[in-house]
Amino acid sequence: MRNWTVFLLVSYVSIIFFWGSSFPAIRFALHSYTPESLALFRLLIASSFLLLIAIILRIGLPNMRDVPILVLLGCLGFSAYHLFLNKGEITVGGGIASLLVTTTPIFSLMLERLYSKRKLGFSKWLGSFVSFLGIAFISLSYHSQSYSISGIVLILLAAFSESLYFVFQTRYLKQYGMFAFITYTIWGGTISMLWFFPYLLREIKQASFSSTLAVTYLGIFPSVLPYLALAYITLKMGASEATASLYLVPIVAVLLSWLWLGEEVNAFALGSGMITFLGIFLIHKRPRKVLHRESGKF
């Protein structure tokens with residue numbers, strides 16, 4: 001087995017496990033930290049880790065004229081995403097939260113349609129409808145917990161803010177490369193959250209060691225390493241093959257939420273999540289002509 005094949009396998013596993021584990025880890029860390037402090041603490045750790053890598057790799061600073069937009073993208077893709085997700089997970093379990101976050105491609109698709117006026121195929125429209133139907137069913141599963149419905153809305157806002165980040169990142173991603181772009185935007189997102197630093201200092205003193213350890217894990221592993229693994233798979237196999245691994249993230253999140261936190265997902269909510277999952281699959285499904293063209297069959 002060649003070395004790059006081993007690296008690919010390790011990359012796939014790291015993406016699925018680390019991103020899947022982030023949802024129950026957030027839920028656990030919220031025992032000691034408020035959503036705002038948790039978001040800032042996680043980003044501070046990620047920024048420090050990326051700073052170390054940037055120094056080793058000798059990555060320079062971005063052009064000054066691009067700094068405002070990089071900070072804005074960081075606010076959308078990291079500050080707002082983490083803040084809304086953290087607030088939502090106060091009342092929504094990690095497994096269901098991971099299923100709701102998979103709606104990011106739906107919002108990205110709609111925004112891209114409005115922004116670039118690109119026509120969408122039937123399967124993409126069908127997938128969007130099916131996914132939103134699944135979300136509606138998930139909401140119904142919390143009919144006796146009104147605050148949980150607000151949590152679902154917050155997690156959907158997290159997915160929407162992340163989709164804005166993905167849709168408008170293309171130009172700067174090509175200009176700076178994936179690692180540098182992610183580094184700049186995480187730094188930008190961290191700067192925008194420094195308002196909560198005094199509150200974080202107070203909470204660190206009172207937080208349990210296990211909760212602080214969970215935040216440290218979130219800052220280094222789910223916040224940084226999967227992005228690097230995704231970049232490696234994209235380089236070796238292409239973007240579609242890289243993103244295909246994301247379909248397994250909710251499975252890991254549901255399993256770890258059950259094993260770690262004892263969270264049980266009722267059958268109705270789990271079935272609704274699978275409907276949402278089916279919709280995402282239809283959105284990403286490639287037309288047969290495209291597949292034939294890529295394989296050299298015309």
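Quick note: residue numbers are just sequence positions, from 1.
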message: Does any part of the side chain of F168, heavy atoms only, come nearer than 4.5 Å to the side chain of L72, both counted from C-beta?
response: no
message: For residues I56 and I220: do they belong to one hydrophobic cluster (side chain heavy atoms under 4.5 Å, members Ile, Leu, Val, Met, Phe, Trp, Tyr)?
response: no
task: Specify the closest pair of heavy atoms between P222 and W19, including all atoms of both residues, with the distance to one decimal.
output: O-NE1, 2.9 Å
- prompt: Is the count of non-hydrogen atoms from other residues, nucleotides or ligands lying under 6.0 Å from W258 atom CH2 greater than 12?
  reply: no
query: Mind checking whether S21 and W260 have side chains closer than 4.5 Å, heavy atoms only?
result: no
message: So which atom in G93 and which in R27 form the shortest heavy-atom distance, rounded to 0.1 Å?
response: CA-NE, 3.8 Å
field: Heavy-atom check, side chain of L200 versus side chain of Y33, under 4.5 Å
entry: yes
query: Would a line drawn from the ring center of F221 to the ring center of F17 be shorter than 6.0 Å?
result: no
message: Looking at every heavy atom in both S32 and S211, which two are closest together, and how far apart are they?
response: OG-OG, 3.0 Å
message: Show the nearest heavy-atom pair for residues V215 and R42, with the distance to one decimal.
response: CG1-N, 3.8 Å
- prompt: What's the spacing between I186 CD1 and L73 CG if we round to 0.5 Å?
  reply: 12.5 Å
- line: When rounded to the nearest 0.5 Å, the distance separating CG of L154 from OG of S150 is 6.0 Å
query: Between V71 and L194, is there a shared hydrophobic cluster once you connect ILVMFWY residues whose side-chain heavy atoms come closer than 4.5 Å?
result: no
query: Would you call P24 and L256 a side-chain contact if the rule is heavy atoms closer than 4.5 Å?
result: yes
message: My understanding is that only one of L38, L213, L43 makes a side-chain contact (heavy atoms from CB on, under 4.5 Å) with L218; could you say which?
response: L38
For A159 against V101, the heavy-atom pair lying closest together: CB-O, 4.2 Å
field: Closest heavy-atom pair and its distance - L85, A97
entry: CD1-CB, 4.4 Å
- prompt: Is there side-chain contact between W195 and L40, with at least one heavy-atom pair below 4.5 Å?
  reply: no
- prompt: Is any side-chain heavy atom of I45 closer than 4.5 Å to a side-chain heavy atom of F49?
  reply: no
- prompt: Is any side-chain heavy atom of W187 closer than 4.5 Å to a side-chain heavy atom of L51?
  reply: yes
- request: Check whether the ring centres of Y81 and Y165 lie less than 6.0 Å apart, and answer yes or no.
  value: no
message: Are L30 and F196 linked, directly or through intermediate hydrophobic residues, by side-chain heavy-atom contacts shorter than 4.5 Å (ILVMFWY only)?
response: yes
- prompt: With Y176, which of T183, T185, D66 fulfils side-chain hydrogen bond (donor to acceptor under 3.5 Å, both in side chains)?
  reply: D66
- prompt: Is F179 close to L50 at the side-chain level, that is, under 4.5 Å between some pair of heavy atoms?
  reply: yes
